[in-house]
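Since the structure comes first, as structure tokens, the remarks are kept for the end.
The sequence lines fix the lettering, A, B, ..., with proteins before strands; numbering per chain opens at 1.
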Amino acid sequence: MLFTMGVCPFTVGLSLMSKYRSHRCNELRKANVDQEVRLAGWIHNKRDHGGVLFIDLRDHYGLTQIVVPPELPFQSELAHMTKESVVSIVGTVKPRPEGSTNPNLPTGEIEVFVTQYELLSKAEPLPMNVFPEDITPEDTRLKYRFLDLRRSKIHKNIVLRSQIIASMRRRMTEMGFNEFQTPILTSSSPEGARDFLVPSRLHPGEFYALPQAPQQFKQLLMVSGFDRYFQIAPCFRDEDARADRSPGEFYQLDVEMSFVTQDEIFAAMENLMTGLFTEFSTAQITPAPFPRIPFAEAMLKYGSDKPDLRIPFTISDATDLFAQSEFKAFAGKTVRVLPVPDIADKPRSFFDELQEQAKLLGAVGLAWITVQPDGSLKGPIAKFITEEAKTQLLARTGAKTGAALFFSADPVELTAAKLLGDMRNYIAAKLDVIDPNVFKFCWIVDFPMFEKDLETGKAAFSHNPFSMPQGGMDALLNQDPLTIKAYQYDIVCNGIELSSGAIRNHVPEIMYKAFEIAGYGPEVVDKKFGGMINAFKCGAPPHGGIAPGVDRIVMLLANEKTIREVIAFPLTQNARDLLMNAPAPATEKQLREVHVTIRKPIKI
RNA sequence: GGAGCCAUAGCUCAAUUGGUUAGAGCGCUGCCCUGUCACGGCAGAGGUUGCGGGUUCGAGCCCCGUUGGCUCCGCCA
């Protein structure tokens, strides 16, 4: 039931393990028949036959059927006991009568005839059922999370999480990594998210920041010569939530290595991921080395820097085919095309619905055509496609009879690419062509070092500013900044970004130059990252790392759609804790102590 | 900051086009039942339809606002 485990090694014969129990609720077998045992747990379910009463007793390990015969004076007490009350019982193990064994239960060949019981904790009628596990609104589940967590499915998820983290630790240690702890009360780090601030009592008007990641500390540990670092690290970012992104806080397997190139980090992570995903899943997994896909190629073929490689169709460019087109919506814009096989005979409503989805994603619409059996093209924009363009489209996309071609067009290349990337995911999900029993990994590499700031038109860091530019100082001095790539990479599994990482920039001169290109003088670097830049001036090893999201890895392995199903006490989308009532106003006394006055937003 | 979906009994849902006393299953309470394991049977309690306003002879249903939850954009690796 909950979590099967072998017979407990600490219990032998009749000797009682504790005041409360001699065995766990998954342990008893035919071999225990005639033993007197003591069990403790929750009343999971009851079946009252008027004469005999059956109780399913549940603990973390499993279920045992307790039999309460009618002649016992306390039978009616037990019969009226609320489900989820906690009891300890003493009784005798008996084999179940022939025909009434339960093969679904590890303990299904025996039952315990109770002789004494003790009520340890009475349960009132509950706001939600623990069993059966009825569908329950998520706010109710979160408010009564302690009940929700008793339910088999999520209880298993949390145990799985614990096992995965234990396995991560073991695997990292075996690869020669040392585990470290780094401060929680610290200063702002370079990730670029909003900080959580903690006011200082001792220093009026000053604040700590909670770490968005232990980024600078792990780099400092490399400068300190520790060579291989890891930490199951809590990270705090005051940003909004998504299904695969917790608001406020989450955990990373934070990793950093000295004297390494990108490939050595990849090898270590491929070893870890392959090990974890083989240990905790029977699904097929991409064999290492995982494919390396340059960022530019990912944006072209998948319209995303986190492609789901399980989807069997990819995007092509068609910009040149429409450059001079009479079709104004395409002419002169970036045009991308996505072929989807075998859907030409779908009803008009199917394509209309995709249009609506594209509009929700901010597009003007989603142009489409289908390939007819006679080789002709059909659909709203078919008349704009020249014979030459048609030949090219079919050749580039490999579209066959019965396929539909979807187009996105936008003056901004990235916008055109992303729309079709989003639609690729949406259409694949709608058509149910994504194999749920496979984990497809890849690396996205060669991220641009800088990107054009759409407001200022100038170069800005497109990622972590601590990454080493490919080509080093030479590239910074002699190359158009927007063409410089960074040693920056992401690892992606089934369309979920598990982590990004980088080879760090450990050379002060290159660091100052990179910041200069992004529009920051050396004084900014010295002020914001003085601790680290000073360290780099005292002999720093080349180093790099990565930080896979623990919650996301567990989510994939638990086959869950949201991260909240693998977190014991998650916040809601609005970053509220419905169980503990956080956040909450502070008292005037508390605020005075930390020298803070409240300035509420003005409502109009 | 923005968009969409949802909110009716403790839980899951129903309630015809806006029309009588808002129904059912599970759970709960009581009774019956000696082999069930989602036990079964009978009876009962349980509702300010999230909250506030409006339209209407009449609102669970229509309109406006608001709160909460979820999904997405922005944001975030």
Side-chain angles (χ1 to χ4, degrees), chain A residues 1 44-57 63-71 75-76 79-80 82-84 94 96-105 107-108 111 123-144 147 190-194 212-213 215 235-248 250 252 305-306 356-357 359-363 418-419 422 425-426 444 447 462-464 467 488-492 496-502 546-549 552 561-562 564 571-574 576 578 601 603:
Chain A
M1 134 86 212
H44 184 69
N45 198 18
K46 294 179 296 187
R47 290 170 296 280
D48 185 355
H49 289 261
V52 66
L53 165 69
F54 297 104
I55 292 176
D56 293 330
L57 194 66
L63 285 177
T64 300
Q65 175 163 279
I66 310 299
V67 183
V68 191
E71 55 272 19
Q75 196 212 33
S76 110
H80 287 92
T82 324
K83 279 196 206 183
E84 295 303 312
K94 298 284 184 197
R96 293 205 191 182
E98 200 162 326
S100 62
T101 59
N102 185 347
N104 299 320
L105 225 51
T107 60
E111 56 198 0
E124 315 241 316
L126 305 176
M128 56 179 278
N129 288 336
V130 172
F131 177 84
E133 296 185 22
D134 296 330
I135 297 166
T136 308
E138 194 152 357
D139 47 347
T140 305
R141 292 180 54 203
L142 291 176
K143 186 169 180 189
Y144 303 98
L147 290 177
E191 278 73 20
R194 296 183 185 91
Q212 295 182 23
Q215 182 67 34
C235 302
F236 304 91
R237 294 176 195 174
D238 191 1
E239 295 294 348
D240 291 348
R242 289 289 183 277
D244 64 352
R245 197 167 88 204
S246 305
F250 60 98
Q252 290 181 338
D305 59 357
K306 44 177 184 175
E356 287 308 306
Q357 179 61 25
K359 285 177 186 169
L360 284 176
L361 291 167
K418 280 182 174 172
L419 171 71
D422 289 339
N425 289 334
Y426 185 82
I444 308 299
F447 277 84
S462 68
H463 247 283
N464 188 327
S467 302
Q488 170 92 38
Y489 38 81
D490 282 5
I491 185 168
V492 175
I496 301 215
E497 182 200 311
L498 290 183
S499 175
S500 61
I546 193 163
R552 285 182 183 175
K561 285 201 169 56
T562 91
R564 295 181 301 280
L571 300 175
T572 67
Q573 181 170 252
N574 290 316
R576 276 194 183 280
L578 299 180
K603 281 190 182 172

Base of [N] paired with side chain of [X] (donor-acceptor, under 3.5 Å):
X         : N      : value
Arg47(A)  : U34(B) : no
Arg245(A) : C76(B) : yes
Arg564(A) : G69(B) : no
Asp56(A)  : C37(B) : no

Glu124(A), CD atom: more than 12 neighbouring heavy atoms under 6.0 Å | no

Should we say atom NZ of Lys143(A) is surrounded by more than 12 heavy atoms from elsewhere, each under 6.0 Å from it?
-> no

Report the distance from atom [atom1] of [X] to atom [atom2] of [N], rounded to the nearest whole Å.
X         : N      : atom1 : atom2 : result
Lys561(A) : U71(B) : NZ    : C1'   : 13 Å
Lys418(A) : C72(B) : NZ    : P     : 15 Å
His44(A)  : G27(B) : NE2   : C1'   : 15 Å

Is there a side-chain contact between His44(A) and Leu63(A), using heavy atoms and a 4.5 Å cut-off?
-> yes

Could you tell me whether the side chain of Gln212(A) reaches within less than 4.5 Å of the side chain of Glu239(A), counting heavy atoms only?
-> no

Paired to A22(B) by Watson-Crick or G-U wobble criteria (both distances under 3.5 Å) is none

Is U17(B) paired to anything, Watson-Crick or G-U wobble with both distances less than 3.5 Å, and if yes, which nucleotide?
-> none

Write down the distance separating the P atoms in G69(B) and C76(B), rounded off to the nearest Å.
-> 23 Å

With heavy atoms under 4.0 Å as the rule, sort Thr572(A) into base, sugar-phosphate or nothing.
-> sugar-phosphate

Of the nucleotides U34(B), G69(B), C75(B), which one has an atom closest to the side chain of Pro70(A)?
-> U34(B)

Mark up nucleotides 10-15 of chain B, 5' to 3', with B wherever a protein heavy atom is under 4.0 angstrom from a base atom, S wherever such an atom reaches only the sugar-phosphate, and - elsewhere.
-> SSS---

